[in-house]
Structure formats: structure tokens, C-alpha cells
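Take a look at this one; I'll ask things after.
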Amino acid sequence: MFNQVRLELFPSLRVAGLISLPCLASLGLTLLADIPFFIALTLFVIHLIVTYRCIRLFGLLNTPSSVSIIELRNNEVYLEDNQGNRFNAKLISKGFIFPSFSLLSFECKKEPTESEFSHSKIKNRFMGKPRRHLFICSYNALNSNEYRRLRVWFKFS
């Protein structure tokens with residue numbers, strides 16, 4: 001039944017707005033806190049940078065590492081980012097899957113291309129497995145039926 005699912009994600013201003021709401025609320029709490037001005041200003045700048053990065057990564061999908069395609073083939077999950085890199089992914093159990101939205105985390109292993117087979121012996125020993133995080137809802141999923149099938153598979157497999 002779930003042999004093949006291909007869900008394409010697209011940029012959405014609504015998702016960017018949804019992501020920015022809790023960020024702006026916590027920013028307001030930071031500014032209202034009774035702390036010295038320099039520390040508040042530093043936290044404000046750091047918070048703006050993190051909020052901007054999250055909006056670009058999850059809402060607007062315009063960073064090179066933003067995931068644009070989720071594919072499920074033969075009980076294997078594959079992610080593809082904007083650079084065209086494909087990752088064999090495994091869902092981390094710390095995700096939220098609801099009918100209205102899903103917040104998913106994956107542990108990924110990059111699939112080597114033909115040119116990378118010759119360089120496969122040179123690896124950084126200190127690099128762990130990369131993780132990819134996704135925020136998926138009806139606003140940024142191209143096909144709602146594929147999104148529903150993917151949600152059911154993640155929830156019950």
C-alpha cells in the first residue's frame with residue numbers, strides 16, 4: 001500500500017509566519033525581562049539571527065540545506081535538499097505528527113555520487129551523522145494526499 005510516496009515541498013509565506021509567531025513572542029519576553037541593556041541587546045541580536053535562519057530553512061526553503069523532497073520507497077525514506085543531495089534517512093522518534101502539521105527529525109546518511117566513490121576513504125572522523133528537520137503542513141506540501149500517506153506511514157510503522 002505504501003510502496004512509493006513522493007512529497008515535494010514548496011516555499012510558503014504562511015509557514016514562515018507560523019514559525020515567526022513563537023519566535024517573536026519569545027523575543028518580546030526577552031526584551032521585557034529585567035536584565036542589563038547590553039545582555040538584552042545581545043540576546044535580541046542572537047534571537048533575530050536564529051529566527052531569520054529558521055524562517056529561511058523551514059518556511060521559505062531557500063537555503064542550500066533545505067529539504068525539498070521526501071520520498072518513501074520500499075520502506076526506506078529518502079530526503080533531497082535544494083542542492084540535489086540525496087540522503088537515506090531514518091526518522092528520529094522525537095517528532096510530532098498531527099493531521100494539521102508534522103515536525104519531523106531525521107538522522108541522515110548521504111548517498112554517494114559516482115564522483116564521491118573515489119574519495120570515500122577520506123572522511124572526517126569527528127563528524128556525526130547529519131540531521132535534517134522538517135516542518136510540513138498543508139501550506140507547504142504540494143500534494144495533500146501524498147502528505148496524508150506519508151503521515152500515516154510515519155505514525156504506524
Side-chain angles (χ1 to χ4, degrees), residues 1-27 45-157:
M1 179 175 171
F2 296 108
N3 285 341
Q4 188 163 355
V5 176
R6 182 179 170 93
L7 180 64
E8 294 184 33
L9 303 175
F10 62 93
S12 172
L13 290 177
R14 288 182 178 177
V15 173
L18 288 172
I19 292 170
S20 68
L21 286 176
C23 294
L24 292 176
S26 63
L27 183 64
V45 170
I46 291 171
H47 199 83
L48 281 179
I49 292 169
V50 170
T51 300
Y52 175 72
R53 174 154 165 67
C54 286
I55 288 172
R56 284 189 60 212
L57 185 65
F58 302 121
L60 301 178
L61 302 176
N62 61 1
T63 63
S65 60
S66 294
V67 175
S68 58
I69 297 173
I70 305 169
E71 194 171 344
L72 173 65
R73 281 189 288 140
N74 300 327
N75 294 330
E76 294 282 331
V77 180
Y78 298 96
L79 304 177
E80 187 173 324
D81 62 11
N82 286 340
Q83 292 179 329
N85 297 323
R86 286 183 55 87
F87 298 92
N88 187 352
K90 179 183 174 189
L91 183 67
I92 298 173
S93 63
K94 298 176 183 176
F96 297 100
I97 302 171
F98 298 110
S100 55
F101 74 94
S102 297
L103 183 60
L104 305 172
S105 295
F106 295 95
E107 195 170 79
C108 299
K109 181 180 175 188
K110 186 175 178 186
E111 291 185 345
T113 60
E114 292 178 16
S115 63
E116 292 175 339
F117 277 121
S118 60
H119 297 73
S120 63
K121 293 181 181 179
I122 303 171
K123 290 185 179 178
N124 188 350
R125 296 184 320 187
F126 302 107
M127 296 279 294
K129 292 184 180 178
R131 292 194 174 178
R132 300 282 189 215
H133 308 284
L134 298 174
F135 181 83
I136 308 170
C137 66
S138 60
Y139 299 130
N140 68 347
L142 194 59
N143 186 339
S144 60
N145 188 37
E146 296 291 318
Y147 172 51
R148 180 189 56 79
R149 291 178 64 204
L150 194 70
R151 244 185 16 242
V152 169
W153 189 84
F154 282 140
K155 189 127 181 151
F156 296 111
S157 67

Exercise for the section: Could you tell me whether the side chain of Ser102 reaches within less than 4.5 Å of the side chain of Arg151, counting heavy atoms only? Expected result: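 Sidechains of Ser102 and Arg151: in contact.
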
Exercise for the section: Taking all heavy atoms of Phe58 and all of His133, pick out the closest pair and write down the distance. Expected result: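 Scanning both residues, the minimum pair turns out to be CE2-O, 3.0 Å.
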
Practice task
Kindly indicate whether the side chain of Glu8, heavy atoms from C-beta on, has any atom under 4.5 Å from the side chain of Asn143.
Solution key: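 The answer is no, as the side chains (C-beta and beyond) never meet within the 4.5 Å cut-off.
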
Exercise for the section: Using modelled atom types only, decide if a donor and an acceptor are shared between the side chain of Asn82 and the backbone of Thr63 within a distance under 3.5 Å. Expected result: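 Between the backbone of Thr63 and the side chain of Asn82 there is a qualifying donor-acceptor contact (under 3.5 Å).
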
Handout entry: Pairwise side-chain contact, Leu104 with Ile92, heavy-atom cut-off 4.5 Å (strictly under)
Key =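 When only atoms from C-beta onward are counted, Ile92 and Leu104 do not touch, as no gap falls below 4.5 Å.
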
Exercise for the section: Kindly say whether Arg6 contributes a backbone atom to a donor-acceptor pair with the side chain of Glu146 at under 3.5 angstrom? Expected result: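 Such a contact is found between Glu146 side chain and Arg6 backbone.
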
Exercise for the section: Among Val15, Leu9, Asp81, find the one that has a side chain to side chain contact (heavy atoms under 4.5 Å, CB included) with Leu61. Expected result: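 Of Val15, Leu9, Asp81, side chain to side chain contact (heavy atoms under 4.5 Å, CB included) with Leu61 is met by Leu9 alone.
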
Exercise for the section: Spell out, as yes or no, whether a donor-acceptor pair under 3.5 Å connects the side chain of Thr51 to the backbone of Leu48. Expected result: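 Judged by distance alone, no pair lies under 3.5 Å.
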
Problem - Ser26 and His47, any side-chain heavy atoms less than 4.5 Å apart - result: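 A side-chain contact under 4.5 Å exists here.
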
Practice task
Taking the side chain as every heavy atom from C-beta outward, state whether Trp153 and Arg149 have any pair of such atoms under 4.5 Å apart.
Solution key: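 The answer is no; the side chains never approach within 4.5 Å.
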
Practice task
Check the surroundings of atom CG in Leu24: do more than 12 heavy atoms from other residues, nucleotides or ligands lie under 6.0 Å from it?
Solution key: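 Buried by this count: over 12 neighbours within 6.0 Å.
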
Problem - Reported CG-to-CD1 distance for the pair Leu91 and Ile97, which is rounded to 0.5 angstrom - result: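 Rounded to the nearest 0.5 Å, the CG-CD1 separation comes out at 6.0 Å.
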
Problem - Closest approach of Cys137 to Ser100 (non-hydrogen atoms, all atoms of both residues) - result: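 Looking at all heavy atoms of both residues, the shortest contact is CB-O, 3.5 Å.
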
Exercise for the section: Take atom CZ of Phe10 as the centre, draw a 6.0 Å sphere, and report whether it contains more than 12 heavy atoms from other residues, nucleotides or ligands. Expected result: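 More than 12 within 6.0 Å, yes.
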
Practice task
Answer yes or no: is there a side-chain heavy-atom contact under 4.5 Å between Ser66 and Leu57?
Solution key: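 Side-chain contact under 4.5 Å: yes.
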
Handout entry: Side-chain donor or acceptor of Asn62 paired with backbone N/O of Pro11 under 3.5 Å
Key =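 Between the backbone of Pro11 and the side chain of Asn62 there is no qualifying donor-acceptor contact (under 3.5 Å).
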
Exercise for the section: Check the pair Val77, Phe154 against side chain to side chain contact (heavy atoms under 4.5 Å, CB included), reporting the backbone distance first and the verdict last. Expected result: CA-CA 10 Å; Val77 180; Phe154 282 140; 3.8 Å; yes

Practice task
Verify side chain to side chain contact (heavy atoms under 4.5 Å, CB included) between Asn88 and Leu79, making sure each step is shown before the conclusion.
Solution key: CA-CA 7 Å; Asn88 187 352; Leu79 304 177; over 6 Å; no

Handout entry: Neighbour count >12 (heavy atoms, 6.0 Å) for atom OH, Tyr78
Key =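 Enclosed: over 12 neighbouring heavy atoms sit under 6.0 Å from OH of Tyr78.
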
Exercise for the section: Grab the two heavy atoms, one from Ala141 and one from Tyr147, that are nearest each other, plus how far apart they are. Expected result: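 Ala141 and Tyr147 have their closest heavy atoms at CB-CB, 4.1 Å.
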
Exercise for the section: Please report the C-alpha distance between Glu76 and Arg73 in whole Å, then the side-chain angles of each, then the deciding distance to 0.1 Å, and finally whether the salt bridge (charged side-chain N to carboxylate O under 4.0 Å, His left out) criterion is met. Expected result: CA-CA 5 Å; Glu76 294 282 331; Arg73 281 189 288 140; over 6 Å; no

Problem - From OG (Ser20) to CG (Leu27), nearest 0.5 Å - result: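 Here the interatomic distance stands at 11.0 Å.
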
Problem - Lys110 backbone acceptor or donor facing Asn85 side chain under 3.5 Å - result: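 No, the answer is negative, given that no donor and acceptor are paired below the 3.5 Å cut-off.
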
Problem - Note, Ile46 side chain near Ile49 side chain (heavy atom, < 4.5 Å) - result: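 SC-SC contact between Ile46 and Ile49 ruled out.
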
Practice task
Answer whether the closest heavy-atom distance between the side chains of Ile136 and Phe101 falls below 4.5 Å.
Solution key: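 Heavy-atom side-chain distance check fails, nothing below 4.5 Å.
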
